There are 2 protein chains.
Amino acid sequence: MQNKQAITILAALAQESRLAVYRLLIEHAPEGLAASAIAEKLGLPNATLSFHLKELSHAGLVSSRQSGRFIYYAPVIEAMNDLIGYLTDHCCSQSDGTCSTATAKCAPGKRPAATTRRRPTSA
Amino acid sequence: MQNKQAITILAALAQESRLAVYRLLIEHAPEGLAASAIAEKLGLPNATLSFHLKELSHAGLVSSRQSGRFIYYAPVIEAMNDLIGYLTDHCCSQSDGTCSTATAKCAPGKRPAATTRRRPTSA
DNA sequence: TCTATATTTCCATAATGATAGAATCATTAA
DNA sequence: TTAATGATTCTATCATTATGGAAATATAGA
């Protein structure tokens, strides 16, 4: 993943409403949700939501498909994976050539689906 | 990790100069670099760099320590780990209670230190 | 067609973020 | 104390992003 692409994705997620939209879509993956449903669930005006969906879309974090009068938005897991990969590749010391401590923390072998969970210090 | 904290960190990283600063510091972990060295290496005016360092600092992504007339900035790996943890916890479908596909991608068991690397599709 | 609904674009406004020169503060050495 | 250097804050300016009402653009059903 390129630097600029990472910045685009980071910026897309670094906004309260957009992060909420993305997380909501994750909860409804892989089908996604219609824009109207998102707007209602998050209490966002249509125009505002549309603006944010465009941002997320542009960043490649969500995809859209039309179904009748509805447009369904769904998360693009791969984009998030790429971002996590990018961060993981740059989250640990590279001066000594290894990622010893950090890797253990960054990429634990197995993890349960959790909402409020601490990173395991000793994976 | 809280939502707002994640947004703060994401916003701190979602800026070209700041991401460059952070990556530079990662290359020089754990000692870090003096502000002057960062400014020189990245070609940033002092005032501009100081502004960005404050942002990174505020987000908890870097720490600073004074040494003589120099102030050394170092990356806080834990903050990045927390962010990756947060993203990992929300990067995959939760509707079915599992993270099957996504987990394999998000959290590969072991990975080498790489600069330009693709996420392994089959971990 | 006409109507209702879903969504986006347009637009103006407000809020926030970035930039960098100049002034200021802090530390050290002479 | 004075001078030199490292770093931050002050300040003004410019640029970007967010907001949301109103108008415009689809789509589907009557």
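If you're wondering where the values come from, they're calculated on a predicted model, not measured in any experiment. Chain letters run A, B, ... following the sequence lines, proteins first, then strands; residues in each count from 1.
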Chemist: How many whole angstroms separate atom CG of A/L53 from atom P of D/dA18?
Modeler: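 Rounded to the whole Å, the gap is 13 Å.
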Chemist: Taking atom CG of B/D89 and atom CD1 of B/I84, what is their separation to the nearest 0.5 Å?
Modeler: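 Atom-to-atom, B/D89:CG and B/I84:CD1 are 12.0 Å apart.
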Chemist: Mind calculating the distance between CZ (B/F51) and P (D/dT9) to the nearest angstrom?
Modeler: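 That distance rounds to 12 Å.
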Chemist: Roughly how far apart are B/E78 CD and B/S63 OG, rounded to 0.5 Å?
Modeler: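 The distance works out to 12.0 Å.
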Chemist: CG of A/L42 to CD of A/E16: how many Å apart, nearest 0.5 Å?
Modeler: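 Between atom CG of A/L42 and atom CD of A/E16 there are 10.5 Å.
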Chemist: Are A/E27 and A/L33 side-chain neighbours, meaning at least one heavy-atom pair lies under 4.5 Å?
Modeler: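 In short, these two side chains do not touch, never coming nearer than 4.5 Å.
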Chemist: Measure the spacing between NE2 of B/H52 and CG of B/L56 and express it to the nearest 0.5 Å.
Modeler: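 Atom-to-atom, B/H52:NE2 and B/L56:CG are 8.5 Å apart.
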Chemist: Is B/Q66 atom CD crowded by more than 12 heavy atoms from other residues, nucleotides or ligands, each under 6.0 Å away?
Modeler: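 Yes, enclosed.
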Chemist: A/F70 CZ to D/dA26 C1': how many Å, rounded?
Modeler: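 Distance check: A/F70 CZ to D/dA26 C1' gives 13 Å.
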Chemist: Atom CD1 of A/I7 to atom P of D/dT16: distance rounded to whole Å?
Modeler: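 Nearest whole value for this atom pair: 14 Å.
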Chemist: Could you check how far CG of B/L49 sits from C1' of D/dA7, rounded to whole Å?
Modeler: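 The distance from CG of B/L49 to C1' of D/dA7 comes to 9 Å, rounded to the nearest Å.
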Chemist: Report yes if at least one side-chain N or O of B/S50 is closer than 4.0 Å to OP1 or OP2 of D/dT8; otherwise report no.
Modeler: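 Result: yes.
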Chemist: Extract, from 5' to 3' on DNA chain C, the first and final nucleotides lying under 4.0 angstrom from some heavy atom of chain A.
Modeler: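 The footprint of chain A covers C/dA4 to C/dT9.
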Chemist: Looking at every strand, decide which applies to B/S36 at a 4.0 Å heavy-atom threshold: base, sugar-phosphate, or nothing.
Modeler: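 Answer is sugar-phosphate: B/S36 comes under 4.0 Å of backbone atoms only.
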Chemist: Going by heavy atoms closer than 4.0 Å, what residues in residues 39-46 of chain B are next to DNA chain D?
Modeler: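 Those residues whose heavy atoms fall under 4.0 Å from DNA chain D, taken from residues 39-46 of chain B in numerical order, are B/N46.
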Chemist: Taking atom P of D/dA7 as reference, at what distance in whole Å does atom CD1 of B/I71 sit?
Modeler: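 That distance rounds to 6 Å.
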Chemist: Would you say the side chain of A/L61 lies within less than 4.5 Å of the side chain of A/L25, judging by non-hydrogen atoms?
Modeler: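 A side-chain contact is absent here, since even the closest heavy-atom pair is not under 4.5 Å.
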Chemist: Under 4.0 Å, heavy atom to any atom of DNA chain C: which of residues 11-18 of chain B qualify?
Modeler: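 Contacting residues: B/Q15, B/R18.
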Chemist: Need to verify one output field. Residue with the more 5' nearest nucleotide on DNA chain D, A/A47 or A/S67?
Modeler: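 This one resolves to A/A47.
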Chemist: If I take atom OG1 from residue B/T88 and atom CG from residue A/L87, how far apart are they, to the nearest 0.5 angstrom?
Modeler: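 Here the rounded value is 9.0 Å.
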Chemist: May I ask you to decide if A/Y72's main-chain N or O and A/R65's side chain share a donor-acceptor pair within less than 3.5 Å?
Modeler: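 Answer holds: no.
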Chemist: Answer whether the closest heavy-atom distance between the side chains of A/I26 and A/M80 falls below 4.5 Å.
Modeler: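 The answer is no; the side chains never approach within 4.5 Å.
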Chemist: Nearest 0.5 Å, please: how far is CZ in B/F51 from CG in B/L44?
Modeler: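 If we round to the nearest 0.5 Å, B/L44:CG and B/F51:CZ are 12.0 Å apart.
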